[in-house]
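Please read the structure below before turning to the comments.
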Number of protein chains: 2
Amino acid sequence: MKKILKNSKLFTGFNENSIEDIVSASSLRKVTKGEMIFHEKDPAEAFFIVGDGKIKIFKLSPEGKEQILMITKQGETFAEAALFGEGYYPASAQAIEDSLLMVVHKDKFLTLVKQNPNIALSLIARLSELLHKLNRLVEELSLTDITTRLAHYFINIIEEKKLSGQPIVIQLAEKKTILASQLGTIPETLSRSLAKLSKENIIKVDGSNIEINDLRKLYSITEGL
Amino acid sequence: MKKILKNSKLFTGFNENSIEDIVSASSLRKVTKGEMIFHEKDPAEAFFIVGDGKIKIFKLSPEGKEQILMITKQGETFAEAALFGEGYYPASAQAIEDSLLMVVHKDKFLTLVKQNPNIALSLIARLSELLHKLNRLVEELSLTDITTRLAHYFINIIEEKKLSGQPIVIQLAEKKTILASQLGTIPETLSRSLAKLSKENIIKVDGSNIEINDLRKLYSITEGL
DNA sequence: CGGAACGTTGACATATATCAAAGGGAGTGG
DNA sequence: CCACTCCCTTTGATATATGTCAACGTTCCG
């Protein structure tokens, strides 16, 4: 567990004592692909650190449409905010790969937060980051069409990974169904959006391989964002 | 300024010393209706406490459509999260009434946060609350239609203010243009949505006065949320 | 009083969801 | 190794919600 903690973004740089403290508030949990970690409205009794694997956090509409709020991978945490809120998880979490999670139990962790200013500050930074991302999601859902969101998604990856080349090549990290749900749409619409960008020779799609042929045009689509 | 602080949700129950500390990091600012407090992407140099008035926090699309993220009133704070993020405001803020703001300057405040665990804990709670609200907004934007959002908006008010009576009467706190932007739509669509609920005898609209004639149906619209 | 902002309604355009069908790829069991 | 199934993906036809544009009445405020 120590290793997971030290590899996690939230707790990098913490001293041994703090690490031990958190370990003592935690346990491990293995989940298999497709397994639910918690459901929306379940009482929030813990938050999680991903040691390995991939977890999606999502909401469902009554009709069954899914909106993914985030996907967490190795080193990342999820459901931190639920511990401080109204006592229940505001969304659901499901493993999209076999995963190993560190489960940090609420009560013990809250005590630690109160005692350890570093944890508190780290949390503030993390919550701010989450807010920023959700802000962004709201903006995209409310103010842009799906092709724009898709272009922006590609640009994010390119900038984050500092990809370059001619053409730039992106490997989609998720199935297209998952990507659709992240972008706030359904697979059919995503498919059409990809086809549209292809037809305009901005990208070339081959399965989950995307070649960016015209980065400039891609940027011009997201203009103003 | 002390009075503003003590009336603010973020700092209720703080002792005199803490209050003094925050006051010493702050200044006052008067803004008139329509005045911009900051623009998206401005460097984030302060956060704000509303002493009086009403402020909208919003995003604009390149085409000019507006999405309101939140409306802050007396006692509430805004832009706290921007201080910990990437250094700039992720949205714009504008007064929708003449307002009086307490401006809490970034650098001094950050020092205080590090020294004063109570402030840090208070911030964590506030950021969690904001996350929860944004979660909700994402859910509504992505998964529900506008009539559902409107119904949910009414129910929220009814539950928050514990309104009752037969019929229940709601006074809209905002102009309908503003409400539309909060719900992620435009005035025309809101107007039609209100008309639809009226025609079904669920509500009765008279200007900014809304009578709820059929609370049960209103709930059934939001079923599942 | 007069202009500006607000609100409503209609006709229309458009993006996206829905429904249906079919192909392809990966994995499983015989 | 093949056949089968399941899931993912794409494409087409269609439905629907919402945005756009325009016109008009109302309210508010200087």
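Naming: A, B, ... by sequence-line order, numbering from 1 per chain.
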Take atom CD of A:Q67 and atom P of C:dT16, then tell me their distance rounded to the nearest Å.
14 Å
Compute the centroid of each ring, for B:F47 and then for B:F78, and state whether the two points are separated by less than 6.0 Å.
no
Between A:S220 and A:E223, do the side chains contain a donor N or O and an acceptor N or O under 3.5 Å apart?
no
Residue whose nearest DNA chain D nucleotide is more 5′ - B:G184 or B:K175:
B:G184
Polar side chain donor-acceptor pair, A:H105 to A:S26, under 3.5 angstrom:
no
Check: B:E188 side chain, D:dC21 base, donor-acceptor under 3.5 Å:
yes
Side-chain donor or acceptor of A:R149 under 3.5 Å from a matching atom on the base of C:dT16?
no
Protein-nucleotide distance (B:L179, atom CG; C:dC6, atom P), rounded to Å
14 Å
What about B:R192: does its side chain form a donor-acceptor pair under 3.5 Å with the base of C:dG7?
no
Consider only side-chain N and O atoms of A:S181 and A:E66, and report whether a donor and an acceptor are under 3.5 Å apart.
yes
Below 4.0 angstrom from OP1 or OP2 of D:dG19, is there any side-chain N or O of B:K65?
yes
When you measure from the side-chain N and O atoms of B:T189 to the phosphate of D:dG19, is any distance below 4.0 Å, counting only OP1 and OP2?
yes
Quick one: is D:dG19 close enough that its OP1 or OP2 comes under 4.0 Å of any side-chain N or O from B:T185?
yes
Can you tell whether the side chains of A:R126 and A:E129 come within less than 4.0 Å, N to carboxylate O?
yes
May I have the distance from A:L143 (atom CG) to D:dT20 (atom P), rounded to whole angstrom?
11 Å
Rounded interatomic separation in angstrom, taking CD1 from A:I146 and P from D:dG19
14 Å
Between D:dT11, D:dT9, D:dG19, spot the one nearest the side chain of A:A195, thanks.
D:dT11
Any base atoms under 4.0 Å from A:L194, or only sugar-phosphate, or nothing? Heavy atoms, all strands.
nothing
If I take atom CG in residue A:D145 and atom P in nucleotide D:dT18, what distance separates them, rounded to the nearest angstrom?
17 Å
A:T177 vs D:dT9: side-chain N/O to OP1/OP2 distance below 4.0 Å
yes
Report which part of the nucleic acid A:L190 touches: base, sugar-phosphate, or nothing (heavy-atom distance under 4.0 Å, all strands).
nothing
Nucleotide D:dG19, atom C1' - distance to CG of B:L183 in whole Å
15 Å
Separation of D:dT9 atom P from A:L172 atom CG, nearest Å, is 9 Å
Specify the separation, in whole Å, of atom CD of B:E97 and atom P of D:dC29.
12 Å
